[in-house]
S.K.: 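One structure, pasted below without further comment.
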Amino acid sequence: MSDPHTGWSQGDRALAAGKLMLAWVALLWLLEVVDVATGHALDGFGVTPRDPSELVDVVPSSFIHFGFAHLAANTVPLLVLGFLAALAGLRRFLLVCALIIVVDGLGVWLIAPADTNTAGASGVIFGLFGFLLVTGFVERRPLGVLAGVLIAAIWGGSILTGLAPTQTGVSWQGHLIGLLAGVAAAFLFRRPEPSGALGAA
């Protein structure tokens, strides 16, 4: 079946979503290789809160990681959640990610503890989780609701753990803000409800 607006089949969408997410993850790994090769020079692109000069790092911070272990932990969830979110359309996916990245970065800048340096794709991951969790309900699409339930069952425990403020070396603030930004994105970038979704009064 093809989308009447774009002419893309479901296979075309899946292929484009897969290519985009593989390219995204490849970029993250390339950046980490450069970071290690330069003595972690890129770590300075993380966000240090409430320093006006750090506002320029709000976006780059989502693409920088503190070592390969940090990046490896984010790779699979970013690939899977990003792929699922991108299946509904690349334009909307990019808008959703842009909103999450900016809101998450600004939120970390505002409320993270002083003298910390926050970076990594986990804010985007939490945002995509929030987006996928509620978008099916917001748009009244049964498949979206089912996807949200399955995602909650698979990733929900990890998400709750990542929100715990007791963990050291983990920005639960960035995780929480990313999650809320993803939920907001589901409302802001909602697609029209499918015909027949509303019952008769």
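None of the values given here were measured: they were computed from a predicted structure.
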S.K.: Mind checking whether Val138 and Leu188 sit in one hydrophobic cluster, side chains of I, L, V, M, F, W, Y counted as touching below 4.5 Å?
M.R.: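 Val138 clusters together with Leu188.
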S.K.: Could you tell me whether Glu139 and Arg190 make a salt bridge, using a distance below 4.0 angstrom between a side-chain N and a carboxylate O?
M.R.: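 No, Glu139 and Arg190 are not salt-bridged.
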S.K.: For Phe129, which of Val124, Val134, Leu179 qualifies under side-chain contact (heavy atoms from CB on, under 4.5 Å)?
M.R.: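 Of the listed residues Val124, Val134, Leu179, the side-chain contact (heavy atoms from CB on, under 4.5 Å) partner of Phe129 is Leu179.
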S.K.: So, do His175 and Val170 sit near enough that their side-chain heavy atoms are less than 4.5 Å apart?
M.R.: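 His175 vs Val170: side chains touch.
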S.K.: How far apart are the closest heavy atoms of Ala185 and Val96, and which atoms are they?
M.R.: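 Closest pair (atom of Ala185, atom of Val96, distance): CB-CG1, 3.9 Å.
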S.K.: Could you walk me through whether Leu79 and Trp24 pass the side chain to side chain contact (heavy atoms under 4.5 Å, CB included) test, one step at a time?
M.R.: CA-CA 9 Å; Leu79 269 175; Trp24 188 337; over 6 Å; no
S.K.: Shared ILVMFWY cluster between Ile100 and Phe187, side chains joined below 4.5 angstrom?
M.R.: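 They do share one cluster, since a chain of ILVMFWY contacts under 4.5 Å joins Ile100 to Phe187.
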S.K.: Do you know the tightest heavy-atom contact between Leu81 and Ile125?
M.R.: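 Shortest heavy-atom contact: CD1-O, 3.7 Å.
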S.K.: So, taking the atom named CG in Asp104 and the one named SG in Cys97, what distance separates them when rounded to the nearest 0.5 Å?
M.R.: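 Spacing of CG (Asp104) from SG (Cys97) equals 12.0 Å.
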S.K.: I need the minimum non-hydrogen distance between Ala121 and Leu78, along with the two atoms involved.
M.R.: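 In this case the closest contact between Ala121 and Leu78 is CB-CD2, 4.3 Å.
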S.K.: If we ignore angles and hydrogens, is there a donor and acceptor under 3.5 Å between the side chains of Asp51 and Thr48?
M.R.: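 No.
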S.K.: Tell me, do Val47 and Thr116 make a side-chain contact under 4.5 Å, heavy atoms counted?
M.R.: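 Sidechains of Thr116 and Val47: no contact.
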S.K.: Check for me, please, whether Val149 and Trp155 land in the same ILVMFWY cluster - side-chain distances under 4.5 Å, paths through other members count.
M.R.: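 No, it is not one cluster - the side chains of Val149 and Trp155 are not joined through contacts under 4.5 Å.
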S.K.: Looking at Leu42, is its backbone amide N or carbonyl O close enough to the side chain of Asp35 to form a donor-acceptor pair, meaning the two atoms are under 3.5 Å apart?
M.R.: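 Side chain of Asp35 to backbone of Leu42, a donor-acceptor pair under 3.5 Å: yes, one is there.
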S.K.: For the atom pair CZ (Phe45) and OG (Ser62), what is the distance rounded to the nearest 0.5 Å?
M.R.: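 Here the rounded value is 13.5 Å.
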S.K.: So how far is it from Trp172 CH2 to Thr161 OG1, rounded to the nearest 0.5 Å?
M.R.: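 One gets 15.0 Å once the value is rounded to the nearest 0.5 Å.
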S.K.: Do the side chains of Val145 and Leu132 join up, straight or via other hydrophobic residues, at under 4.5 Å, putting them in one cluster?
M.R.: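 Each belongs to a different hydrophobic cluster.
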S.K.: Which pair of non-hydrogen atoms, one from Gln173 and one from Pro113, has the smallest distance, and what is that distance?
M.R.: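 Smallest heavy-atom distance, with atoms named: NE2-CD, 3.3 Å.
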S.K.: Does the side chain of Leu87 come within less than 4.5 Å of Phe83's, by heavy atoms?
M.R.: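 Yes, their side chains come closer than 4.5 Å.
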S.K.: Between Arg141 and Gly136 (side chain of the first, backbone of the second, donor and acceptor by atom type, cut-off under 3.5 Å), is there such a pair?
M.R.: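 No.
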S.K.: Of the non-hydrogen atoms in Ala152 and Leu133, which two are nearest, and what is the gap between them?
M.R.: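 Ala152 and Leu133 have their closest heavy atoms at CB-CD1, 3.6 Å.
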S.K.: Is there a side-chain contact between Ile111 and Pro49, using heavy atoms and a 4.5 Å cut-off?
M.R.: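 Contact flag for Ile111/Pro49 side chains = no.
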S.K.: Indicate yes or no: at least one non-hydrogen side-chain atom of Ser61 is less than 4.5 angstrom from one of Glu54.
M.R.: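 The answer is no; the side chains never approach within 4.5 Å.
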S.K.: Check whether more than 12 heavy atoms from other residues, nucleotides or ligands sit under 6.0 Å from atom CG of Leu143, and answer yes or no.
M.R.: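 No, because the 6.0 Å sphere around CG of Leu143 holds 12 heavy atoms or fewer from other groups.
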S.K.: Give a yes-or-no answer on whether the side chains of Thr118 and Trp109 include a donor-acceptor pair shorter than 3.5 Å.
M.R.: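 Not at all, the side chains of Thr118 and Trp109 share no donor-acceptor pair under 3.5 Å.
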S.K.: Please report the interatomic distance CZ(Phe66) to CG(Asn117), rounded to the nearest 0.5 Å.
M.R.: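 The CG atom of Asn117 is 4.0 Å from CZ of Phe66, to the nearest 0.5 Å.
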S.K.: Report yes or no: do Val76 and Met21 belong to one cluster of Ile/Leu/Val/Met/Phe/Trp/Tyr joined by side chain heavy-atom distances under 4.5 Å?
M.R.: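 Yes, same cluster.
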S.K.: Is any side-chain heavy atom of Leu95 closer than 4.5 Å to a side-chain heavy atom of Leu99?
M.R.: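 They are not in contact (no side-chain heavy atoms under 4.5 Å apart), so the answer is no.
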S.K.: Does atom CZ (Arg91) have a neighbourhood of more than 12 heavy atoms from anything else shown, all under 6.0 Å?
M.R.: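 Counting neighbours around CZ of Arg91, 12 or fewer heavy atoms of other residues, nucleotides or ligands fall under 6.0 Å, so no.
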S.K.: Out of curiosity, His70 NE2 to Glu32 CD, how far, rounded to the nearest 0.5 Å?
M.R.: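 Output value for this atom pair is 9.0 Å.
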S.K.: Begin from the C-alpha positions of Leu110 and Arg50 and carry the test side chain to side chain contact (heavy atoms under 4.5 Å, CB included) through to its verdict.
M.R.: CA-CA 6 Å; Leu110 283 170; Arg50 295 172 293 283; 5.6 Å; no
S.K.: Out of Leu71, Asp57, Asp43, which residue meets the side-chain contact (heavy atoms from CB on, under 4.5 Å) rule with Ile64?
M.R.: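 In the set Leu71, Asp57, Asp43, the residue that makes a side-chain contact (heavy atoms from CB on, under 4.5 Å) with Ile64 is Asp43.
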S.K.: Between Leu128 and Phe93, is any pair of side-chain heavy atoms under 4.5 Å apart?
M.R.: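 Side-chain contact under 4.5 Å: yes.
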S.K.: Report yes if some heavy atom in the side chain of Val59 is under 4.5 Å from a heavy atom in the side chain of Val102; otherwise report no.
M.R.: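 Side-chain contact under 4.5 Å: yes.
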S.K.: How long is the straight-line distance from OG1 of Thr135 back to CG of Leu84, given to the nearest 0.5 Å?
M.R.: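 It is 12.0 Å, given to the nearest 0.5 Å.
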S.K.: Please report the shortest heavy-atom distance between Leu27 and Phe63, naming the atom on each side.
M.R.: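 Of all heavy-atom pairs spanning Leu27 and Phe63, the closest is CD2-CD2, 4.4 Å.
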